[in-house]
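In what follows, every chain begins at residue 1, and chains take the letters A, B, ... in the order their sequences are listed.
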Protein chains: 2
Amino acid sequence: MTDPAPNRRRRTMTLRDVSEASGVSEMTVSRVLRGRADVSAETRARVLGAARRLGYVPNRIAGALASQRVNLVAVIVPSMSNMVFPEVLAGISEGLEGSGLQPVVGLTRYDPGHEEAVIYDMLSWRPSGIIIAGLEHSDATRAMLGAAECPVVEIMDSDGAPVDSLVGISHRRAGGAMAQAIVAAGYRRIGFVGTRMVHDHRAAKRLAGFEAGLAAHGLALEDRADYAGSSSLAKGRDLTEALVRRCPDLDFIYYTNDMVGAGGLLWCAAQGVAVPERMGLAGFNALEILGGLPRRLATMDSCRHEIGRRAAEIIRAGERGRLVELTPTLQPGDTIRRPAREETP
Amino acid sequence: MTDPAPNRRRRTMTLRDVSEASGVSEMTVSRVLRGRADVSAETRARVLGAARRLGYVPNRIAGALASQRVNLVAVIVPSMSNMVFPEVLAGISEGLEGSGLQPVVGLTRYDPGHEEAVIYDMLSWRPSGIIIAGLEHSDATRAMLGAAECPVVEIMDSDGAPVDSLVGISHRRAGGAMAQAIVAAGYRRIGFVGTRMVHDHRAAKRLAGFEAGLAAHGLALEDRADYAGSSSLAKGRDLTEALVRRCPDLDFIYYTNDMVGAGGLLWCAAQGVAVPERMGLAGFNALEILGGLPRRLATMDSCRHEIGRRAAEIIRAGERGRLVELTPTLQPGDTIRRPAREETP
DNA sequence: CTGAAAGCGCTAACAG
DNA sequence: CTGTTAGCGCTTTCAG
């Protein structure tokens, strides 16, 4: 019973093998394996037994080609080490639960060229939906998304026009709201810590909204410091120190995210800078991972999980042109002074 | 020139459309689009122009079926919010660079049932390689991996026998080395903070190695505290407090990872506990994101990036049965006393 | 360098 | 409830 031609390339197992092993036609085997109800219990058992015995795994490539259907949803995000995108993905998984759809992640590294390549690649697998972070894309990318036959949901950002559907928050307004809160609390000499990432449009919009919010009160940023690469506590600490050295009379620093903001908070604690009296601080994202710090950093929830979930729901419903704008909530934490004349509810 | 039957389902664009638009046979169009060199420059230009004009995106489902080749590498990890797996993935991407292979990530949530389902799903796409975290799998999973026709690399852990190839570190020895260092530094009353995650086999092996290392010196853990769910500074802080309350004479706490370890460090700082004199601390992973803390936590590098890179190289080389064991280095940081009789270099 | 023919493994659409 | 017949869109192979 040994293989008569051991060197011949072993043919990959097919439906036909299961069909022969079970004595049931290929078509019926296919029905059983796809879980269709219109097969007798006895036949089903025979087929399932044979498939299991053989260790058969269906070939979805062939299945997808024949049925013109693919159970994949392309999810395109800048990075996975950012701590925010894993949470978006968790929301997407939750929203896709029970639909049979599987998310497949592609990374752009905040680079439009990569984004284009990744989308081309994803589209070549003919996914059932596309969820992509941001509204800013190259012309070619926008053209591909527009030509895709599946629903497309652009997420995270609502400041702009989507190709199809959109689920996000207004970073512009988020920045503005933070500026408003800071000014109301009496801070006047305000600095900013951000990244040099040119293609992080959401961060740029947040800052633009923030500056507009300051300008509404006749204020402007005193100074800013920027870092390259990924965020960390160390970068927040170092840039805070640099900013304060350069501009000793700052009374507030707005950070592009909580990770660097937390670094700033640790620096202030180490230096004995009184927070929030002498210096106020705020970040963005409401990262729960940082909840154990001695003081809670003022921040704003970026609704990552819900954005993912809502986007997934649009895909599974096959909706087109849906617009969902979420509203982030300000969490003042311990690093913004209470406004002098605010009433206690 | 408008569509004569607007309601008819628009047929998906095929090679034939590009062929007709360019006046070149389908076969030659296919050659051009796959970047083969045996096509005249003029023909190539005509085809590329037509393809771009039409916005044609090749159908890889059909291509993969016909060529029996798929440029996908399945990467199966427990989670993506762990901060360690994104770095493994970065290593994999780096190792795959230029090979034309694309990683596709599947998540198991530390659950063998999910793992099985994810692998079945991945295999149904006939990937060119499988990279999977850990050596502990259900029988069905092991059977599927064994039957897969592509290279399989089990990563992260080297304490056990792989199905095919392996790239990892010995967590057992890592735990043992840490115990050795702690005892050498003079600590004697040692506690542990870990997770309740039953299926985190690497954490379990680290602890087993740690306890064995203590036992070699006639010591045992005084006490332990465990948390559920994902790691955070807050959990590290709270469990440290609980442990110290329960066992006030502890002089060292070993943490299952740096995130909770850092939480413990912050708690000690807030309480004025002298580190490393009164209390020593150590974690695991060497997370660089935490580098900005006031003091550097003692830890051990888990070689995440290199593990990913080496695994990718095995896949792209199509190697079988390769075993690669990496050696993590101890980083004493500021939270372990210098051993009394150690010489300064 | 280019083209024609024959599938890849599965499923839609019918027939029984 | 089960089987038969055509493809799905591309690539392999073999001729020109």
**Prompt:** Any donor-acceptor pair under 3.5 Å between the side chain of B/Arg126 and the base of C/dG9?
**Reply:**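 Checked by distance alone, the answer is no.
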
**Request:** Scan B/Ile315, B/Val77, B/Ile131 and name whichever one has a side-chain contact (heavy atoms from CB on, under 4.5 Å) with B/Ile92.
**Result:** B/Ile131

Just to confirm, is there a sub-4.0 Å distance from OP1 or OP2 of [N] to any side-chain nitrogen or oxygen of [X]?
X       : N      : answer
A/Thr28 : D/dG3  : yes
B/Tyr56 : D/dC10 : yes
B/Arg34 : D/dT11 : yes
B/Ser67 : C/dC8  : no

**Message:** Regarding B/Asp111 and B/Arg109, does a basic nitrogen lie under 4.0 Å from an acidic carboxylate oxygen?
**Reply:**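 Judged by the 4.0 Å cut-off on N to carboxylate O distance, B/Asp111 and B/Arg109 do not form a salt bridge.
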
Let's see if you can work this out: which of [options] has an atom nearest to the side-chain heavy atoms of [X]?
X       : options              : value
B/Met27 : D/dT2, D/dC8, D/dT11 : D/dT11
A/Ser25 : C/dA4, D/dG3, D/dC8  : D/dG3
B/Leu65 : D/dC10, C/dC8, C/dT2 : C/dC8

Would you indicate what [X] reaches in the nucleic acid, counting non-hydrogen atoms under 4.0 angstrom: base, sugar-phosphate, or nothing?
X       : value
B/Arg60 : nothing
A/Arg44 : nothing
B/Asn59 : sugar-phosphate

